[in-house]
Amino acid sequence: MNFTFTQDQLDFQEAIASMLKSEVTADTIRARWSAEAGLDDAFLAQAHELGLNSMLVPEALGGLGLQATDFILLAEACGEVALPEPVVESVMVSTPLLVDILDQGLGNADVQRVIDAVLAGEARVAVGHSINPCINYADSADWFLLADGNSVYLVPRDAVTLDAKKSVDPSRRLFTVSFNPDSQFLVADGDAGASLQRATLNRGALATAAQLVGLSKGMIAQSVQYSSDREQFGKAIGANQAVKHLLADVAVQLEYAKPVTYRAAYTVGVSPTRADFAVSHAKSAAARTALMASRNCIQVHGAMGYTWECDVQIWAKRAWALAREWGDEGFHNNRIHEWLLRKNALLGPEFTFGRGSLTDVA
Amino acid sequence: MELMYTQAQQSFRSEVRAWLSENVPNEQLPSFDTAEGFEAHREWERTLAEGNWGMVTWPTEFGGRACDLIEWLIFEEEYYRAGAPLRVNQNGIFLLGPTLMEYGTPEQKERFIPAMASGDEIWAQGWSEPNAGSDMAAIRCRADRDGDEFVINGQKIWSTRAVYADWVFGLFRTDPDSTRHHGLSKILVPLNSEGVTVRPIPQLNGLPGFAEIFFDDVRVPAFNLLGGENEGWRIAMATAGFERGLMLRSPARFQQASKRLVQLYREHGSDVIDPSIESAVVRCYMDAEAYALSTYQTASKLCSGGSIGPEASCNKIFWSEMDLLIHETAMKLLGARAEIEPQTAAEFAELGTWLDGFMFAQSGPIYAGTNEIQRNIIAERMLGMPRK
């Protein structure tokens, strides 16, 4: 039993976080808003150079063979700067799904080709799931992993139709994606397809949970800064207890969302289809924290918080979006509720780790 | 990160479980805030000490098992699982004991720790005064040096367990010219000393769980000074750190309560008509689990040489508000019957101890530093917000 990150993991987080903080600022994010593509190819190339795309790919397939616990702090760091590019989704959701397909001996020749292209930084893959109405940055994906019933398809860009939707978050480029579920694109169906989709849902929820934790951190930091600088009645507004307590409340929730998210990362690494409880807990706690952070941090900024100019909107709107992607609080609370009501549910502290945390919900 | 118990940890759990199943009293003991219940709980402390289970993290020379914090958490999980009695020794073993180990002289350790471990001497806390509550640095109760003795005059209040306890530890002003947190010392005082008057204060449940203590020229040997003279504040902060931190409220307590809440919810099943109850039950279970995960994380960090930072102030708010939600939700499930104080075995079977727990939960956000004070600490020390 050791619930700590290694020094290597912490050092890597620090290196990535410091790169992110210098490269991804409110100004560069706003610049993306007015650019045609939205995402920054130069940044994506840099992320690829750092090895992010290959981190969670097994060594046998040409990757670094690391686990979700090796990436989770980086996902958090991406959230902390409100990174617009869907790097976390790519590393934690779409690439692992391709790996799963290969691991289980499913799919077709395209799957290996697409993984190789991802590892070479030459292809982007987007994932669709029935729980999400839209796919973010679908317009810049080369391949799509799409679900239809229990089946999973690997579909090239030219075989899908995109219909743009405007997100409240200007950093997101949403599209509904339609395609013809043609057998030439089929990679899995039946139980195998359902199992892939279930693991994907868990990875997607974990990926958003980690970013929501980071977003909350980012919002607290900005609000502490603002409330220390802004003066009224001859003193910093942050000296008032009412203001302090707004942020302390978020800090408390955040402090407890973190270990829950790390446990979910561990569980997803051990068994992604049996991680429902751990993942739902993480997504629920992280979403609740980030929504509270967005509300309280807008409040701390006063009238500025209600302006387009104020940068808090960059983080708050992402929180509004990610809190609901890959299952909102209600969906995940309901999964936990079903599990708690099961006759054979292993309840109690002796089951927090091990067998209890790997219990199926469905 | 390895979130699995080792073979040794699993064996330890089995050993604890086996011992508790043979030794935990079948009947629930009367409240330790009654004379009879206090002695029954003292007897239980003796039983624990005889089996070397009184404080498993202590060194073996003091009757412990030199367990690390992960093993301590496992012990606590089994302890609450077994429904073992509450620890009347809590002030001693969790608060004073660790401070004695760190700041006590070898002679003081020898004098106080074995008697604490055996339950022969049970400790009360003496921090607050009528004008020093949240503002603890306003302490006025004096301990004047007179040769080899201190002469104590003044008053303490809200002293937990003081009605039946044998000793009190607390902070006293040893430098009469000092102000605020300077000039305070930590002194240990026998409650049977001449000049000590203990006046019980009935708590919300009617039982005298705390008391006022009046000191009128009470003489104690200078030997009873713990740590340096006038250095009491720093030492007290170390104790407060322990109290707020890991040990005071171990996660198993809330995990068992939330598990019982799930059971109560299942029993009530179809007659639950308030839709808010479902989400509250889920929230309670998740929060208890989150508290456990956070504690395992902190314990792991300490086991590998790290230290607790200012984020520890979050603990108290989290568990005290969770405890309220658990019991408020149970009250909702019991509906109009929630107000009935069970008297008979049949009533206990139906209503459990939820009402008692609900009343006790009211105190969580108040004691050990109110949650308002904790929020200030979090904002200023953890987040770095301006003090003025």
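Order of the sequence lines sets the chain letters (A, B, ...), proteins ahead of strands, with each chain counted from 1.
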Please classify the contact of [X] with chain A as side chain, backbone, both or neither, using a heavy-atom distance under 4.5 Å.
{"X": "B:Tyr285", "answer": "side chain"}
{"X": "B:Ile70", "answer": "side chain"}
{"X": "B:Tyr265", "answer": "side chain"}
{"X": "B:Val282", "answer": "both"}
{"X": "B:Arg17", "answer": "side chain"}
{"X": "B:Glu2", "answer": "both"}
{"X": "B:Ser279", "answer": "neither"}
{"X": "B:Glu372", "answer": "both"}

Is the distance between the ring centroids of A:Tyr256 and B:Phe318 under 6.0 Å? yes
Please confirm whether the backbone N or O of [Y] pairs with a side-chain atom of [X], one donor and one acceptor, at under 3.5 Å?
{"X": "A:Gln253", "Y": "A:Asp249", "answer": "no"}
{"X": "B:Lys332", "Y": "B:Val272", "answer": "no"}
{"X": "A:Trp315", "Y": "A:Ile220", "answer": "no"}

So [X] and [Y], would you call those rings parallel, tilted or perpendicular, with 30° and 60° as cut-offs?
{"X": "B:Trp53", "Y": "B:Phe75", "answer": "parallel"}
{"X": "A:Trp339", "Y": "A:Phe277", "answer": "tilted"}
{"X": "A:His301", "Y": "A:Tyr226", "answer": "parallel"}

At a 4.5 Å cut-off on heavy atoms, which part of [X] comes close to chain B: side chain, backbone, both, or neither?
{"X": "A:Leu347", "value": "both"}
{"X": "A:Lys343", "value": "backbone"}
{"X": "A:Ser284", "value": "side chain"}
{"X": "A:Thr69", "value": "side chain"}

Looking at B:Glu76 and B:Arg13, does any basic side-chain N land under 4.0 Å from a carboxylate oxygen? no
Heavy atoms only, distances under 4.5 angstrom: which of [options] has the most pairs with chain A? Name it, please.
{"options": "B:Val262, B:Leu293, B:Ile378, B:Ile74", "result": "B:Leu293"}
{"options": "B:Arg266, B:Glu380, B:Arg387", "result": "B:Arg266"}
{"options": "B:Arg81, B:Gln297, B:Lys259, B:Glu77", "result": "B:Gln297"}

Among [options], which has the most heavy-atom pairs under 4.5 Å with chain B?
{"options": "A:Gln241, A:Gln225, A:Glu255, A:His245", "value": "A:His245"}
{"options": "A:Lys258, A:Gln67, A:Arg288", "value": "A:Arg288"}
{"options": "A:Leu341, A:Leu247, A:Leu246, A:Val260", "value": "A:Leu341"}

Between B:Arg65 and B:Trp72, is NZ or CZ placed under 6.0 angstrom from the six-membered ring centre and within 45° of the ring axis? no
Is the terminal nitrogen or CZ of A:Arg263 (NZ for Lys, CZ for Arg) located under 6.0 angstrom from the six-membered ring centre of A:Phe3 and within 45° of that ring's axis? no
From B:Arg381 atom CZ to B:Gln374 atom CD, the distance as rounded to the nearest 0.5 Å: 9.0 Å
